[in-house]
Structure formats: C-alpha cells, structure tokens
Chemist: 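Please read through the structure below; I'll follow up with questions.
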Amino acid sequence: MSRYDPAAIEPKWQKAWDEALTFRADRSQDRPKYYVLEMFPYPSGRIHIGHVRNYTMGDVIARYKRSTGHNVLHPMGFDAFGMPAENAAMASGGHPKTWTYDNIDTMVDQMKPLGFSIDWSRMFATCDPDYYGQQQALFLDFLEAGLVYRKNAVVNWDPVDMTVLANEQVENGRGWRSGALVERRELTQWFFRISDFAEDLLDALDGLDDWPAKVKLMQANWIGRSRGLQFAFSTVDAPEGFDRIEVYTTRPDTLMGASFVGVSPDHPLARQLARDNPEIAAFCDECRRMGTSEEELEKAEKRGFDTGLTVRHPFDTSWELPVWIANFILMDYGTGAIFGCPAHDQRDLDFARKYDLPVRSVFVPAMGEEGTFILPEEGGPAYVPPKPETVRYVAGFAGGEAQTGDAAVEAAIGFCEENGVGQGVTRFRLRDWGLSRQRYWGCPIPVVHCDTCGVVPEKKENLPVVLPDDVSFDVPGNPLDRHPTWRDVDCPSCGAPARRETDTMDTFVDSSWYFARFTAPDAATPTDPDEARYWMNVDQYIGGIEHAILHLLYARFFARAMHLTGHLPESAREPFDALFTQGMVTHAIYRSTGADGRPEYHFPEAVELREGRAFLREGGAEVEVVPSAKMSKSKKNVVDPVEIVSQYGADTARWFVLSDSPPERDVEWTAAGAEAAHRHLARVHRIVSEAAEADSEARPGDEDLLREMHKTIHDVTQGIESFGFNAAIARLYAFTATLSKAEAGGEARRAAARTLAQLMSPMTPHLSEELWQVLGGEGLVADAPWPVADEAMMVEDTVTLPIQVNGKRRGEIVVPKDMAKDEVESLALSHHAVLKALDGGTPKKVIVVPGRIVNVVL
RNA sequence: GCCCGCGUGGUGGAACGGUAGACACAGGGGACUUAAAAUCCCUAGGCCACAGCGCCGUGCCGGUUCGAGUCCGGCCGCGGGUACCA
C-alpha cells in the first residue's frame with residue numbers, strides 16, 4: 001500500500017484532465033448549462049491565500065454541477081488595468097505593461113497547480129488590446145445611444161505634482177507623495193447615465209432572490225430613492241438672477257422649524273457672491289481645499305459663512321431667514337441648497353448652536369411617551385424619530401396633530417402643491433458614473449477633439465485605439481498627455497489635424513462586462529449573440545463583500561446598457577442570478593517592540609509556537625500574538641499558497657480553506673490547521689486503500705455503514721448546494737471516522753469508500769481521482785455522476801427527545817419515531833425528573849413538538 | 001459622519017425559535033515503541049460541597065415567547081463600503 005504523496009498524484013491528474021479536455025466549456029451536448037464565476041483577480045504579483053479560498057469555492061460548485069449533468073462554464077481572467085502598475089513603474093522604473101503581464105504569468109503558474117476546473121482556453125486580461133478594443137466599441141455604441149455625456153466634475157488636484165490624485169492617494173488632505181495640500185479642481189469628464197436607470201436598478205433588486213439581503217439593502221440605500229418637496233425661497237436684496245433659491249427637502253413637514261438656508265460653496269449664488277466679496281471667496285476657497293470623498297466631507301468640522309442675505313419664508317413673507325454658505329452641503333445632491341431645521345437634524349443643530357441660530361421644535365414625542373424628553377431648544381439632542389413613528393406636531397401646518405412622519409411629509413407636500421409653494425418630487429441619491437481618468441494604464445477613451453467638429457467619436461474600423469508603449473513615468477502626470485505624437489490624429493469627421501482624448505477609462509468599466517466576454521472571448525464584436533444567449537446569465541457569482549455596491553451596481557447598469565445597444569439579450573439585463581460574498585483569510589500577527597519603541601513584526605516561519613505562546617526561533621524572545629488580522633505584507637502575516645502547495649499539496653490547501661469557517665465569514669489560516677487537514681487526507685488515503693483490499697464477506701455492520709453513507713450523501717449534497725462547505729466537511733470527517741471503525745464487510749466498505757472519494761472530489765479532486773482509481777471506479781471521478789441518497793435507507797426507527805421543565809433540559813427519552821403525541825406526553829410526564837419537579841401536582845401545559853422536544857410548563 | 005455586517009470554550013467554529021459548544025486545532029491522560037516520530041484510544045465551557053435530578057454561561061442592558069445564540073429595542077467593540085484602491 002502506497003502512502004499519500006500529493007507531489008506525485010496532483011500533477012498526474014492535472015495532466016489527465018488537460019488531455020481529456022475535461023474542463024473545456026462545451027455546449028455540444030444537450031444538457032442544462034451552468035455558469036459559475038469568481039470575481040477575477042487584480043494581477044498584483046502573487047496569488048494570495050484569499051484567492052485560493054475564493055476560487056476553491058467556485059471550483060467546488062463547478063465540479064459539483066458538472067457531476068450533476070451540466071455543461072459548465074468556469075472561466076478565469078485578469079482585471080489588469082489600474083494604478084498599482086503605474087506606481088510600480090514610478091517606483092522601480094519598469095513599464096506597466098511588462099510588470100502586468102509578468103505578474104499574470106506568475107499568477108497563472110501559481111494557480112494551475114491548485115487543480116481548479118477552469119477553462120483556461122478562455123482566459124484574457126482587460127489590458128489585452130483585443131479586450132479593450134471591444135470595450136471601446138461598446139463605449140461608441142453607448143455614446144450613440146445617448147448613454148454617455150460630458151460635464152464638469154471635481155477631482156483631487158495635487159498642486160505640486162501637477163496631477164490628479166485618487167481618494168486613496170490623499171492622506172489627511174495632502175498628496176501622498178508631495179505632501180502638498182490637495183485642492184479640488186474642476187475638469188470636463190465623461191459620464192455614464194447610470195442615474196437614468198436608478199428606479200429600475202432599485203426595483204429590480206426585488207427579483208434577485210438568490211442575492212444576500214444585505215447586499216440588496218446596501219444597493220437600495222446607495223441608490224437612495226427619496227420623496228420630498230422641491231420649492232424656492234424668494235430672496236431679499238440678492239444679486240441679479242438670484243431672485244429665488246431652489247431647495248429640496250425630504251422633511252417639508254418641518255418647514256415651520258426652518259432657521260436658516262444653506263448653500264454649497266459650489267452653488268452659483270456662492271460663486272457670484274465670491275466675485276466681489278473677498279471674505280466669501282476666501283471661505284469658499286478654503287472649503288475647496290479638501291479631498292472629494294464623501295467620508296472626508298462628512299467628518300470635517302461643520303463650518304459656515306453668513307452671506308448677509310436673507311430669504312422669505314414661503315408661508316410668512318415677513319419671516320426672514322439668513323442665507324449661509326456651509327461646507328457640508330454637496331452641490332451634487334439635490335439642488336445644492338437646503339433649509340436647516342436644527343430641532344430635527346443633528347447636523348443642523350450643531351451648526352445652529354455654533355453660529356447662534358434659532359432652534360424651534362416642530363413635533364414632540366406622542367402623548368404618553370414623553371418620558372425624559374428634553375426639547376432641542378432647551379439643550380436636548382435633535383429629535384429625529386424614524387418616519388413611520390407617530391409624533392405630536394406643535395408647529396405643523398398640514399395633516400392631523402398626531403401623525404407619523406411619513407403621513408406628515410405627504411400632507412405637507414399636498415398642502416404646498418395646493419398653495420403653489422412647490423412640487424412633490426422623487427429623487428435618487430445615485431449620481432452619474434464618472435469614467436474619465438487622467439492616467440496612462442487604462443482603456444483609452446476613443447474620441448478625438450477637433451477644432452471645427454468638436455468631440456468626434458473614433459471610427460469603429462480604427463479600433464482598438466492602442467496605448468503607446470514608449471512612455472515614461474519619471475515625472476508625475478499622465479504620460480499620454482506629454483507623448484510627442486500619440487495625441488496627433490486626423491479628425492475622423494473632417495480630416496483636419498486634431499487631438500486624441502488622453503483620458504482613459506475607470507477600471508470599473510473593465511470589470512463591468514468581462515463576464516459577458518467570457519461567453520465568447522474571441523468574438524470580433526463585444527459579444528456573440530448566440531453564445532451570450534446560451535451561457536448568460538452567470539448562475540453563481542462569487543466574490544468579496546467589498547464589491548457589494550460599486551462593482552455590482554456598475555455591472556448591472558452595463559448589462560442594461562449592453563442590452564439596449566444589442567449586445568446582450570433582454571434576459572441578461574440582470575446578469576448575476578445568484579451572488580455569494582465570501583470572507584477574508586486572516587492570520588495571526590507576531591509582534592514585539594523594537595529598541596526604538598516601535599512595533600516589529602515577524603514572519604510566521606520565524607516564530608515557534610509552544611503552549612499557545614509564541615517565541616522567536618532566533619534568540620527565543622517571546623512575542624505578542626494578535627489573532628485573526630487581515631493579511632498584509634507590512635505586518636508580515638502573509639501565507640504564500642505556493643509554499644503550502646509544495647509542503648502539503650493543493651488538496652490540503654483547498655480542504656483547509658473551506659473546512660474551518662463558514663464561507664461568508666473570515667477564516668484564520670493556522671499552520672497547525674493546515675497540518676491537521678493534511679493528516680486527515682493521509683488518513684482517508686490509508687482507510688480507503690485498506691477498504692480496497694478487504695475481503696468480500698458480508699458482515700453485520702454493513703447496514704449501519706450504508707445507512708450512514710446515505711445520510712452523508714444527503715448532508716454533503718445539502719452542504720454544497722447551500723454554500724455550507726464547512727458543514728459538509730465536518731460531515732465528511734464524521735463519515736471517515738465511521739468508515740474506519742465500521743464492523744462491515746469489504747463490499748460495504750468499498751461502496752462507502754467510493755462514495756467518500758466522490759463526495760470529497762469537489763474539494764480534493766486529485767486525491768479523489770487517485771482513490772477512485774484504487775477502488776476500480778470507471779473513468780475519471782470528475783466525469784462520474786453525483787451519488788444520490790436513498791431516503792429509504794436513511795430512516796432511523798427511534799428518536800431521542802429532550803425533556804424540558806419550564807424550558808430547562810431535565811432529561812431525555814428514546815421513543816419510536818412516529819409515536820403519537822399523547823403517548824409521548826404521558827411518557828414524558830412519567831419521567832423521574834418531571835415527577836420530581838411536579839411534586840404530585842399537575843402541569844399547566846405540556847408542549848410536544850414531534851421529533852423535536854417536550855416542554856412541561858408548571 | 002452615514003450605510004451594511006459581525007460578536008458563542010484556550011482557538012477556528014456547530015446549532016429549521018427546540019438537548020448550546022457538532023467538526024477541528026491547541027491542551028491533558030493512555031496504548032504501541034528500547035526510544036522517538038507516526039498512528040490509535042480516552043478526556044475536555046466555567047463554577048462548586050468535584051459530581052449532582054446542582055448552579056452559571058452565546059459582547060452588555062432590556063423585551064417578546066412554553067422555550068432566545070437565533071426574533072425585537074437600546075448600547076459597546078470590531079470589520080466592509082463611502083462614488084478616482086481593486
């Protein structure tokens with residue numbers, strides 16, 4: 001009997017699958033199709049243990065679906081454009097292209113030994129001119145369909161490096177390289193009209209039954225449908241053209257609590273005033289000296305500037321409100337102007353207290369619920385109850401005195417419409433998607449700027465517009481902008497000399513349609529209608545929760561836009577039927593304090609674990625253990641999958657990343673856990689090999705073993721179907737133990753062993769092929785039909801029922817499975833623990849849940 | 001700040017509202033061995049009068065229920081997202 005040797009068996013079976021083209025996505029047979037997709041990786045350089053977990057989950061599904069008779073599409077590619085390649089070029093002088101393709105080569109070499117059932121013939125990278133050329137064709141079609149337009153938008157501008165910064169490149173309001181204070185600068189940029197689809201993107205969430213509820217909720221909140229009132233305040237003594245200030249509010253019922261009007265520093269009125277008031281100009285400039293991220297804006301100290309102007313309250317023209325410019329009002333949302341009601345908005349209250357503006361409550365808690373309520377005007381916090389809650393209006397103007405916020409809002413809108421004060425409108429928080437990036441390593445936007453014709457789309461026959469190779473990164477900024485010749489082209493319309501657009505596309509564009517391209521990666525058009533109709537939708541999409549909003553929303557928009565432009569069928573407007581979001585792989589951090597008092601981190605290899613404590617191998621000093629931290633190179637708590645595979649084999653790595661944690665949660669990688677997984681696989685190898693050689697006599701334990709086998713088939717199948725991989729694996733551990741201890745004959749043990757090998761095959765495909773062969777299975781286990789549990793074989797005759805007294809467990813009884821309820825009840829009542837608790841009395845109530853529990857209530 | 005999650009033994013975790021701690025790691029004890037490794041077996045939430053039909057226990061406080069880790073409300077801590085990181 002040979003010992004378990006993954007180094008020998010894994011390459012052997014990978015070769016066998018390759019030669020048989022086992023995992024080619026093939027639609028020649030008339031079977032149902034199944035498309036499983038894991039979010040493709042960014043080619044950072046090396047695969048990460050998190051990738052292993054992500055792709056193993058997809059692989060389990062892919063292999064399982066193959067064995068249940070599906071034509072499976074399971075592709076892989078690379079999300080290859082983006083900033084890290086340019087950063088690497090700046091740091092070490094290479095070229096983003098070489099850096100990226102070298103990384104892809106390395107990562108493919110690292111992924112293949114893991115034995116994923118991927119159709120590698122479909123692989124592409126988004127930086128392949130063939131892929132981005134098709135993306136440019138999509139852009140032109142979207143442009144023609146009116147789905148793209150240009151407008152001004154603000155970016156983070158580094159005034160020293162003279163370059164645009166990403167939000168993550170802004171640290172505490174300063175450029176990460178130059179350290180200069182970041183400014184906001186306006187540029188003309190391209191936008192996708194995603195907001196036109198806001199309602200549809202929101203409503204269609206209801207149909208996504210196999211998406212996590214939390215993701216749908218996050219998307220719904222992001223899209224943010226709100227019902228409110230749009231109206232105008234008329235101004236007093238304002239500059240010409242500013243007779244009215246349009247505002248939008250979701251709480252028109254609080255109009256009588258208005259205490260000021262606020263406008264964004266980017267509001268036209270603020271800009272107009274800044275022209276001849278240097279103080280206002282200075283204030284607005286200061287507000288603009290801030291990053292563009294919502295987080296930064298929201299967390300910044302709320303500041304304002306009194307313009308000296310006033311507006312009249314719409315219900316009482318003698319009531320004047322001051323107009324302030326405030327740094328927390330976004331020009332992008334609503335009309336860029338609000339009215340502040342400090343009593344019912346904490347932010348407005350903070351603002352009012354800071355600048356000594358009036359506070360006036362509009363409503364108070366409903367009768368009988370006041371408790372220790374303190375009015376905001378008397379020092380209490382802003383009173384902001386949920387809108388469905390009933391409150392009592394003390395300064396209402398529409399609807400009853402006691403009503404819910406929702407009812408009051410509707411009544412207020414109705415009142416305002418009747419009196420010509422404003423209109424009820426539905427708005428969305430979702431903004432159009434700005435896709436322009438002032439960077440080199442991205443998909444060029446295929447348009448030309450001509451002095452006579454304006455913005456002219458490139459002709460499709462001239463696609464792809466290819467990135468030039470001869471660029472340098474020795475100075476900051478976009479190399480396309482300073483390239484000597486690349487910009488110079490003839491206008492596609494009039495033929496006169498013109499300039500190419502040098503902005504490239506947001507990398508989210510690249511990842512918004514790759515799933516469609518996988519269905520026909522070599523097609524001469526973005527998709528092949530026939531292939532798309534067959535393979536779409538993605539039946540199961542798997543990826544990180546960090547993509548819950550942006551990537552998934554953009555992809556949903558793209559699928560709609562691709563349908564409108566004829567690239568996807570109607571049925572693929574919602575491209576991902578089921579979504580699963582997996583957790584991270586974490587690892588302990590080993591930390592000590594260096595001579596300079598700063599933390600020093602140590603690689604796991606440098607540390608020895610004894611009795612739960614950690615010591616340096618070198619010198620033996622004890623180090624601190626910080627458990628379950630996100631892996632990061634700087635903290636030195638990374639685990640290299642290549643190391644794990646060479647040490648234990650791919651099957652061990654695959655088995656372990658699935659075994660210890662539910663897939664949606666984080667999993668902590670521990671060396672001891674991997675070791676144990678490996679020992680278990682070796683044990684399985686030995687037990688199965690023994691079973692293969694056992695004699696063929698029938699034994700009394702046969703029936704027990706086979707019943708356990710059918711129960712295992714049932715549980716493991718359920719586990720895989722419901723993403724309960726860890727539970728499926730726990731079941732397989734138990735069944736292995738049962739098999740090893742079984743007093744069963746050779747035939748039963750071989751049947752059990754064959755089933756075990758098969759049930760493990762999605763997780764440990766190489767070992768399973770090997771065992772399948774040892775047991776004389778026909779062909780490849782990868783091609784064998786999935787076993788089906790025989791329900792009749794699973795039935796147990798008796799069941800153990802816990803007996804509770806007042807909800808506390810006091811004993812248990814073993815009864816026939818189908819015993820009548822009253823019989824169970826009388827049996828339970830004669831249980832000694834119950835008799836003692838009753839002490840001669842009678843129970844108030846006896847609850848019998850058949851097959852579950854008995855609860856005696858005294 | 002705002003939106004969304006998560007919190008259970010020494011550790012990772014299991015548990016259709018129904019026996020809390022399955023399965024595994026680390027620990028303890030034992031078998032085999034000249035010895036070790038490997039393998040196998042047993043044990044294992046805490047507390048106590050140390051073994052009982054005992055008490056306590058799923059981040060904290062309160063509620064619903066015959067029964068709550070699970071549902072509801074409020075807090076605390078950690079993580080993800082926050083529109084130019086992917």
Side-chain angles (χ1 to χ4, degrees), chain A residues 39 41-42 44 79 81-84 155-156 164-170 212-215 217-218 220-222 224 292-300 302 328 332 346-347 430-439 506-508 511 544-551 553-554 581 583-584 588 609 611-612 627-628 630 656 659-662 664-670 672-673 675-677 679-680 682-683 686 726-727 729-734 737 740 800-812 831-837 844-847 849 852-858:
Chain A
M39 291 179 186
Y42 179 78
S44 54
D79 188 13
F81 275 135
M83 293 202 305
V155 293
N156 299 308
V164 176
L165 298 178
N167 285 335
E168 69 156 12
Q169 296 175 319
V170 179
K214 64 179 168 183
V215 173
L217 190 55
M218 281 190 259
N221 288 337
W222 184 261
T292 56
S293 75
E294 185 193 279
E295 181 186 4
E296 201 180 334
L297 262 40
E298 279 286 327
K299 280 186 175 170
K302 308 295 177 277
F328 58 86
D332 285 327
Q346 189 59 46
R347 193 168 56 182
L430 181 66
R431 308 199 296 259
D432 277 336
W433 169 14
L435 67 121
S436 301
R437 296 292 179 273
Q438 295 70 40
R439 284 179 235 293
D506 177 9
T507 56
F508 272 122
S511 54
I545 187 68
E546 66 273 20
H547 294 295
I549 297 174
L550 295 181
H551 162 61
L553 192 63
Y554 291 156
T581 54
M584 296 181 298
L609 296 174
E611 289 158 26
S628 304
K630 179 157 64 174
F656 180 70
S659 66
D660 249 21
S661 247
E664 67 276 16
R665 283 240 289 253
D666 295 349
V667 65
E668 174 152 9
W669 182 278
T670 62
E675 182 76 44
R679 274 204 307 270
H680 177 73
R683 189 180 311 134
R686 201 188 66 243
N726 56 325
I729 283 177
R731 198 66 187 76
L732 287 166
Y733 267 108
S740 82
T800 305
L801 291 183
I803 309 290
Q804 294 182 333
V805 175
N806 285 339
K808 288 197 174 203
R809 184 179 171 278
R810 286 289 181 259
E812 59 185 37
H831 190 274
H832 62 275
V834 176
L835 289 176
K836 190 186 167 195
K844 243 190 230 158
K845 197 170 172 185
V846 180
I847 289 143
V849 184
R852 279 280 169 199
I853 205 164
V854 180
N855 189 10
V856 179
V857 186
L858 302 184

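Order of the sequence lines sets the chain letters (A, B, ...), proteins ahead of strands, with each chain counted from 1. What's counted below: heavy atoms across the whole structure, side chains too, no hydrogens, waters or symmetry copies.
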Chemist: Round to a whole Å and report the spacing from CD of E675(A) to P of A37(B).
Modeler: 14 Å

Chemist: When all nucleic acid strands are considered with a 4.0 Å heavy-atom cut-off, which category describes S511(A): base, sugar-phosphate, or nothing?
Modeler: nothing

Chemist: Give one of base, sugar-phosphate or nothing for L430(A), where a contact means two heavy atoms less than 4.0 Å apart.
Modeler: base

Chemist: Tell me what S659(A) touches on the nucleic acid: a base, only sugar-phosphate, or nothing, going by heavy atoms under 4.0 Å.
Modeler: nothing

Chemist: Map K214(A) and A833(A) onto RNA chain B by nearest heavy atom, then report which one ends up closer to the 5' terminus.
Modeler: K214(A)

Chemist: Using a 4.0 Å heavy-atom cut-off across all strands, classify D79(A) as base, sugar-phosphate, or nothing.
Modeler: sugar-phosphate

Chemist: If A83(B) has a Watson-Crick or G-U wobble mate with both distances under 3.5 Å, name it; if not, just say none.
Modeler: none

Chemist: Paired with A36(B): which nucleotide, if any, by Watson-Crick or G-U wobble criteria at under 3.5 Å for both distances?
Modeler: none

Chemist: Can you tell me how far C1' of C66(B) sits from CD1 of I847(A), to the nearest Å?
Modeler: 3 Å

Chemist: Is a donor-acceptor pair below 3.5 Å formed from side chain E294(A) to base G1(B), judging by atom type as modelled?
Modeler: yes

Chemist: What does G77(B) pair with, Watson-Crick or G-U, if both distances are under 3.5 Å?
Modeler: C6(B)

Chemist: Between G7(B) and G69(B), how many Å separate the two C1' atoms, rounded to a whole number?
Modeler: 11 Å

Chemist: With both distances under 3.5 Å as the test, what is the Watson-Crick or G-U wobble partner of G69(B)?
Modeler: none

Chemist: Expressed as a whole number of Å, how far does the P atom of A83(B) sit from that of C16(B)?
Modeler: 38 Å

Chemist: K299(A) NZ to U82(B) P: how many Å, rounded?
Modeler: 13 Å

Chemist: Under 4.0 Å, heavy atoms only, any strand: does R679(A) hit a base, just the sugar-phosphate, or nothing?
Modeler: sugar-phosphate

Chemist: Starting from the 5' end of RNA chain B, give me the residue, E546(A) or N806(A), whose nearest nucleotide shows up first.
Modeler: N806(A)

Chemist: Looking at C53(B), I'd like to know if its phosphate oxygens (OP1 or OP2) sit under 4.0 Å from a side-chain N or O belonging to R810(A).
Modeler: no

Chemist: Rounding to the closest angstrom, what is the interatomic distance between C6(B) and C71(B) at atom P?
Modeler: 9 Å

Chemist: What is the glycosidic conformation of C50(B): syn, defined as within 90° of 0, or anti?
Modeler: syn

Chemist: Looking only at atom P, what distance separates A37(B) and G30(B), rounded to whole Å?
Modeler: 14 Å

Chemist: Can you tell me the base-pairing partner of C23(B)? Count Watson-Crick or G-U wobble geometry only, both distances below 3.5 Å, and say none if there is no partner.
Modeler: G12(B)

Chemist: Take atom CD1 of I545(A) and atom C1' of C4(B), then tell me their distance rounded to the nearest Å.
Modeler: 8 Å

Chemist: CZ/R431(A) to CH2/W222(A) distance, rounded to the nearest 0.5 angstrom?
Modeler: 7.0 Å

Chemist: Give the rounded distance in Å between these two atoms: NZ of K808(A) and P of A20(B).
Modeler: 10 Å

Chemist: Using a cut-off of strictly less than 4.0 Å, decide whether N167(A) has a side-chain nitrogen or oxygen near OP1 or OP2 of A83(B).
Modeler: yes

Chemist: Using a 90° cut-off around 0 for syn, call G9(B) syn or anti.
Modeler: syn

Chemist: Contact class for H547(A) vs. all strands (heavy atom < 4.0 Å): base, sugar-phosphate, or nothing?
Modeler: base

Chemist: Using the P atoms only, state how far C72(B) lies from G52(B), rounded to an integer number of Å.
Modeler: 41 Å

Chemist: Mind checking if N726(A) touches a base, just sugar-phosphate, or nothing, with heavy atoms under 4.0 Å?
Modeler: sugar-phosphate

Chemist: Could you measure the distance from the CZ atom of R810(A) to the CG atom of N855(A)? Nearest 0.5 Å is fine.
Modeler: 11.0 Å

Chemist: Given the rule in the side chain to side chain contact (heavy atoms under 4.5 Å, CB included) test, do V805(A) and V834(A) qualify, once you have shown the distances and angles that lead to the verdict?
Modeler: CA-CA 7 Å; V805(A) 175; V834(A) 176; 4.3 Å; yes

Chemist: Answer with yes or no whether N221(A) presents, from its side chain, a donor or acceptor under 3.5 Å of a partner atom in the base of C3(B).
Modeler: no

Chemist: Measure the distance from CD1 on I549(A) to P on C4(B) and round it to the nearest whole Å.
Modeler: 10 Å

Chemist: Could you tell me the Watson-Crick or G-U partner of A49(B), where both distances fall under 3.5 Å? Say none if there is no partner.
Modeler: none

Chemist: For a quick check of understanding: with a heavy-atom distance under 4.0 Å over all strands, which category does A676(A) fall into, base, sugar-phosphate or nothing?
Modeler: sugar-phosphate

Chemist: Please state the C1' separation for the pair G45(B) and U8(B) - nearest whole angstrom.
Modeler: 10 Å

Chemist: What integer number of Å spans the P atoms of G77(B) and A26(B)?
Modeler: 35 Å

Chemist: Let me know the distance between CZ of R683(A) and C1' of A24(B), rounded to the nearest Å.
Modeler: 10 Å

Chemist: Using the P atom on both, measure G5(B) against U11(B) and round to a whole Å.
Modeler: 26 Å

Chemist: Please give, in whole Å, the distance from G1(B) P to F328(A) CZ?
Modeler: 16 Å

Chemist: Assign V164(A) to base, sugar-phosphate, or nothing according to its heavy-atom contacts below 4.0 angstrom with the strands shown.
Modeler: base

Chemist: Evaluate the ring planes of F508(A) and H551(A), with Trp represented by its six-membered ring, and classify them as parallel (under 30°), tilted (30 to 60°) or perpendicular (over 60°).
Modeler: parallel

